[in-house]
> 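This is the structure I have questions about; it appears just below.
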Amino acid sequence: MVKILFVCLGNICRSPMAEFVFKELVKREKIENKFYISSAATSTEEIGNDIHYGTKNKLDKMNIPYDYHRARQIKKEDYEKYDFIIGMEDDNLLAIKRIVGEDKERKIYKLLYFSPNVRDIADPWYTGNFDKTYDDVLEGCTLLLEHIKKIYNI
Ligand code: 4NP
C-alpha cells in the first residue's frame with residue numbers, strides 16, 4: 001500500500017483537489033486498493049472546515065467525486081505514516097519540514113517536482129483561478145502516479 005499525503009496551506013482548496021483527483025486517477029486504472037490517500041494543512045486557519053466551494057465546483061465540472069472532508073493540520077507522526085508527503089509550493093515545503101522535521105527519508109516533494117517544468121501550484125484562495133490550479137494539479141497527479149507506478153512496479 002502506497003500512502004500519500006497531499007499538503008497545502010489551508011487544506012480546503014489545493015490539497016483536497018489533489019487528493020480527490022489522485023483518488024479518481026487510481027480508480028480509473030483500477031489500482032485504488034494499492035493506495036491510501038489523504039490531505040492536510042500546514043496552518044491552523046481552516047481546521048474543521050469543508051472543501052472550498054471553488055474546488056467543489058471545479059471537481060463537479062470535471063466529474064470527479066469527493067466525499068466528507070474536514071481540514072486538519074499535518075502532524076509530526078504523519079512523516080512515519082506516509083510514503084510521500086506532497087506540498088504545493090516552496091513555502092509549503094518549508095512549513096511542512098518545520099512541523100515534521102528533517103526529511104531524512106526523502107519523502108517530501110512539491111507536486112510539480114515530477115514535471116519537466118518544475119513549478120509551484122498557485123493558491124486559488126488568492127488568485128480565484130480554480131481552472132488553472134486544476135490543470136496544474138492534474139498534471140502533477142498524473143506525473144506523480146506515473147513515477148510511483150514505475151518505482152513500485154504497479
Ligand atoms: P489552500 O488555500 O492552501 O489551497 O487550501 C488557502 C485556504 C485558506 C487560507 C489560505 C490558503 N487561509 O488563509 O485561510
Side-chain angles (χ1 to χ4, degrees), residues 2-28 32 35-103 106-148:
V2 186
K3 300 188 184 113
I4 308 166
L5 183 66
F6 292 103
V7 181
C8 63
L9 181 60
N11 191 213
I12 59 167
C13 299
R14 293 166 297 171
S15 60
M17 186 185 279
E19 173 185 344
F20 292 110
V21 164
F22 199 92
K23 281 179 172 168
E24 183 63 11
L25 293 180
V26 296
K27 201 167 144 223
R28 286 177 189 170
E32 70 267 35
F35 291 87
Y36 179 84
I37 303 154
S38 189
S39 64
T42 54
S43 82
T44 56
E45 222 44 59
E46 301 284 345
I47 287 178
N49 289 345
D50 197 358
I51 305 170
H52 191 281
Y53 67 89
T55 289
K56 283 189 174 180
N57 285 345
K58 186 65 191 177
L59 292 174
D60 286 340
K61 251 186 236 162
M62 304 315 291
N63 274 319
I64 294 177
Y66 45 85
D67 48 30
Y68 182 84
H69 177 80
R70 290 290 171 263
R72 73 159 181 101
Q73 191 183 30
I74 185 172
K75 46 186 194 289
K76 202 170 169 47
E77 306 86 88
D78 287 322
Y79 189 79
E80 290 314 316
K81 177 170 174 185
Y82 288 91
D83 303 300
F84 289 90
I85 298 177
I86 305 291
M88 299 293 144
E89 91 263 315
D90 291 330
D91 281 352
N92 215 201
L93 298 197
L94 290 174
I96 292 169
K97 287 172 193 169
R98 271 200 294 274
I99 294 171
V100 305
E102 201 194 323
D103 185 14
R106 190 75 173 102
K107 295 180 173 184
I108 303 175
Y109 298 90
K110 221 158 58 160
L111 183 53
L112 283 167
Y113 171 82
F114 301 94
S115 167
N117 174 18
V118 177
R119 61 200 192 276
D120 288 348
I121 293 194
D123 192 340
W125 171 265
Y126 300 107
T127 66
N129 192 341
F130 287 84
D131 296 332
K132 166 85 173 110
T133 293
Y134 176 83
D135 291 345
D136 287 348
V137 163
L138 180 60
E139 177 183 339
C141 285
T142 303
L143 295 169
L144 171 64
L145 179 56
E146 264 177 34
H147 171 77
I148 289 174

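Ligands are counted one by one from 1 in listed order, and the atoms in each one are counted from 1 as well. Numbering starts at 1 and runs along the sequence shown.
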> Considering non-hydrogen atoms of the protein only, which is the closest contact for atom 1 (P) of ligand 1, and what is the distance?
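Ranked first by proximity to atom 1 (P) of ligand 1 is C8 SG, 3.5 Å.
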
> Which class fits the ring pair H147 and F84: parallel under 30°, tilted 30 to 60°, perpendicular over 60°?
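It falls in the perpendicular class, over 60°.
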
> Measure the distance from atom 4 (O) of ligand 1 to every protein heavy atom, then report the residue, atom name and distance (to 0.1 Å) of the closest one.
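I find the closest protein heavy atom is R14 NE, 2.8 Å.
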
> Please determine whether a side-chain nitrogen of the Lys or Arg among D136 and R119 lies less than 4.0 Å from a carboxylate oxygen of the Asp or Glu.
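Salt bridge: yes.
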
> Considering only non-hydrogen protein atoms, determine which one is nearest to atom 2 (O) of ligand 1 and report residue, atom name and distance to 0.1 Å.
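The closest heavy atom on the protein side is D123 OD1, 3.0 Å.
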
> Is any side-chain N of the basic residue among D103 and K97 closer than 4.0 Å to the acidic one's carboxylate O?
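So D103 does not pair with K97 through a salt bridge.
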
> Is the positively charged end of K58 above the ring of F130, judged by distance under 6.0 angstrom from the centroid and angle within 45° of the axis?
no

> How far is atom 5 (O) of ligand 1 from its nearest protein heavy atom, and which residue and atom name does that atom have?
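Result for atom 5 (O) of ligand 1: C13 N, 2.9 Å.
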
> Parallel under 30°, tilted from 30 to 60°, perpendicular over 60°: which one fits the rings of F22 and F6?
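It falls in the tilted class, 30° to 60°.
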
> Tell me: protein heavy atom nearest atom 3 (O) of ligand 1, and distance?
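Answer, as residue, atom name and distance: G10 N, 2.8 Å.
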
> Suppose I only count heavy atoms of L9 and a 4.0 Å limit; which atoms of ligand 1 are within that range?
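Going through ligand 1 atom by atom, the ones under 4.0 Å from L9 are 3 (O), 10 (C), 11 (C).
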
> Report yes or no: is the cationic atom of K56 (NZ for Lys, CZ for Arg) under 6.0 Å from the centre of the six-membered ring of Y66, at an angle within 45° of the ring normal?
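No - K56 does not lie over the ring of Y66 by the 6.0 Å and 45° rule.
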
> Looking only at protein heavy atoms, identify the closest one to atom 14 (O) of ligand 1 and say how far it is in Å.
E46 OE2, 2.8 Å

> Atoms of ligand 1 less than 4.0 Å from Y126 heavy atoms?
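Listed by number with element, the hits are 10 (C), 13 (O).
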
> In terms of relative ring orientation, are Y82 and Y36 parallel, tilted or perpendicular, with 30° and 60° separating the classes?
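Geometry flag for Y36 against Y82: tilted rings.
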
> What do you reckon, does E45 have a nitrogen or oxygen under 3.5 Å from a nitrogen or oxygen of ligand 1?
no

> Should Y113 and L144 count as side-chain neighbours, where that means a heavy-atom distance under 4.5 Å?
no

> Identify the closest protein heavy atom to atom 10 (C) of ligand 1: which residue and atom is it, and at what distance?
W125 CD1, 3.5 Å

> Which of the atoms in ligand 1, numbered in the order shown and given with their element, are less than 4.0 Å from a heavy-atom of N11?
5 (O)

